[in-house]
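Below is one structure, written out as C-alpha cells; comments come after it.
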Amino acid sequence: MDSAEQAAAETVASEAPAAASAPPAAPASASMSGDQADGLRELFGNGAPRTLALACALDADDTVWLGQGVAQILRREGTKTLLIDEVRLADRRAFPKLAYRTKYDLGQVMENLVPIEKAIVDAEENLKFACAIRLRKSHELRRAKHPNVLERLAAAGIDIDVMIIATQDPSHEGFGFFADEIDVIVVATPEQTSLVRALELIRSMSAQDPDRVVPVLMVGKEEAECQEAFERLQQASDSLLGIGLEDLGWVAARPTIDPLPARARKNPTSLILPSGLFKKLANLARGLGR
C-alpha cells in the first residue's frame, strides 16, 4: 500500500480529519461539446444513449455479476442495452470466462483493426455484449483512435438506449474512448477493504473533475452499518480530497463465507448480490430514482 492509500485507510478507519492530498495527474473529464451532442442527436435522435459506469469497490467476480444483473433487468423491461465487460480474466475466480463468446475486443475496434459490428454480440433480446479488456492496453500503446464507441455504434446503425460498463477502474485514460459523457456510480460495502478502494476510486475521479459530486451506493447486511460506513467515507473524501458524495442509499446483501480474517484480505469479501440491487441500479441507468 502506497502513502496515499495508507492515509486513505487511516482516515476511513478513524474518521479523523487528515490533510488534503493532491490528486494524481489524470486525463481531463469527459464532457460532451455542443457539436458532439448535436451530432449524436442527429445519429440517434433526441434520445441519445446514456452511458453508466458501475465503479465497483468489490471483488472482480461481484463486479462482473453486478453488470450482468443490471443489464438483464434493463433488457427484460425493454431497454436496448449494451453491456461492456472490461474486468481482466486473471482477476476472476467464479467467472473465468466471458458471459458471451466474442471474437474481437473493443480495443481492436479502437485500433481500427475491425469494424465495431464484429465486436458487438447479439446476446439476448434487447441485450448486446462487448468485451473491452484490451482497450486500456490499446490506449497505453497509443494505438486507440477516435471516434469513440458510442459514435461508432451510431455510425454503424446499432441502436441502443443505454451502455453499461462494469469496472473496477473508471479513471484510466482508455475509459474516455467509450463515450464523451459517462455517468459513474460507486458501489461499495462497509468492509474496510472496500471503503479504502472506494476512496481510491473517488480520488481518481476527482482528478478528472474536481467539482463533481460522486454518487455512492452502499451494499451490506444492515442499514445502520451502511449509513455509518457512508458517513466515514464522506468524511474521508471531504478531508482528503475536498470531494462531496451523494448518498444513493443502501441495498441489503449478505457476504459469502471467507475463511480469512478481515486484516488478511487484499480484496473485499464476495457478496450474495440480491435482485433489489440490480433493480435499483437499473432505475438509475434509465435516469430514474434520483
Side-chain angles (χ1 to χ4, degrees), residues 52-75 81-102 105-107 121 123-124 127-137 163-172 174-175 178 184-201 204 216-221 225-226 229 248 250-282 284-285:
L52 175 63
L54 304 175
C56 299
L58 311 172
D59 80 350
D61 290 326
D62 285 344
T63 300
V64 172
W65 185 236
L66 186 62
Q68 292 179 14
V70 174
Q72 285 292 332
I73 294 291
L74 288 168
R75 72 104 185 161
T81 305
L82 170 60
L83 172 63
I84 295 179
D85 186 343
E86 68 148 26
V87 179
R88 296 190 311 167
L89 296 177
D91 293 337
R92 313 180 193 204
R93 293 174 296 175
F95 299 101
K97 298 180 181 179
L98 297 173
Y100 303 95
R101 181 178 297 180
T102 61
D105 188 283
L106 286 176
V121 175
E124 300 181 55
L127 177 61
K128 298 181 185 298
F129 176 82
C131 169
I133 297 173
R134 175 173 163 167
L135 180 55
R136 183 193 305 219
K137 190 68 174 178
M163 181 162 62
I164 300 292
I165 310 167
T167 181
Q168 294 182 302
D169 181 12
S171 62
H172 66 79
F175 216 77
F178 289 118
V184 182
I185 294 176
V186 172
V187 182
T189 77
E191 189 178 29
Q192 179 71 7
T193 310
S194 179
L195 292 179
V196 171
R197 182 174 291 182
L199 192 60
E200 285 298 303
L201 292 174
S204 298
V216 177
L217 178 65
M218 299 299 302
V219 184
K221 292 186 292 184
E225 178 187 39
C226 288
L248 295 181
W250 77 292
V251 176
R254 293 187 295 110
T256 58
I257 298 175
D258 193 325
L260 294 176
R263 291 182 178 275
R265 296 174 194 150
K266 295 183 179 180
N267 295 305
T269 304
S270 297
L271 298 171
I272 301 174
L273 299 180
S275 60
L277 175 59
F278 305 147
K279 291 177 181 178
K280 186 175 183 70
L281 287 168
L284 291 168

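- Considering all non-hydrogen atoms of both residues, A123 and F129 come closest at CB-CB, 4.2 Å.
- Nearest heavy-atom pair, Q68 versus A99, reported as atom, atom and distance to 0.1 Å: NE2-CB, 3.2 Å.
- M218 and A229 get closest at one heavy-atom pair: CE-CB, 3.7 Å.
- A salt bridge links D85 to R92: one of the charged nitrogens lies within less than 4.0 Å of a carboxylate oxygen.
- Remark: side-chain polar atoms of D91 are not paired, donor with acceptor, to backbone N or O of A60 under 3.5 angstrom.
- Side chain of T102 to backbone of A130: no donor-acceptor contact under 3.5 angstrom is found.
- The minimum heavy-atom distance between A166 and V87, with the atom names listed, is O-CG2, 3.9 Å.
- Going from atom OG1 of T193 over to atom CG of D59 covers 11.0 Å, rounded to the nearest 0.5 Å.
- Looking at K280, its side chain never comes within 3.5 Å of a backbone N or O of L217 through a donor-acceptor pair.
- Residues D169 and R136 meet the side-chain proximity criterion, which asks for heavy atoms closer than 4.5 Å.
- Within the 4.5 Å cutoff, no side-chain heavy atoms of Q168 are placed close to those of R88.
- Between T63 and L54 there is no side-chain heavy-atom pair separated by less than 4.5 Å.
- Between the side chain of S194 and the main chain of P190, no donor-acceptor pair closer than 3.5 Å is present.
- Atom CD1 of I164 is separated from atom CG of L52 by 4.5 Å, given to the nearest 0.5 angstrom.
- Considering I73, V251, L74 as possible partners of K279, the one that fulfils the side chain to side chain contact (heavy atoms under 4.5 Å, CB included) test is I73.
- Here CG of D62 is found 4.5 Å from CG of L273. Values are rounded to the nearest 0.5 Å.
- In this structure, the side chains of L98 and I133 come closer than 4.5 Å at one or more pairs of heavy atoms.
- Pairing each heavy atom of A253 with each of P274, the nearest pair is CB-CD, 3.7 Å.
- Counting all heavy atoms, side chain and backbone alike, L127 lies closest to A71 at CD1-CB, 3.9 Å.
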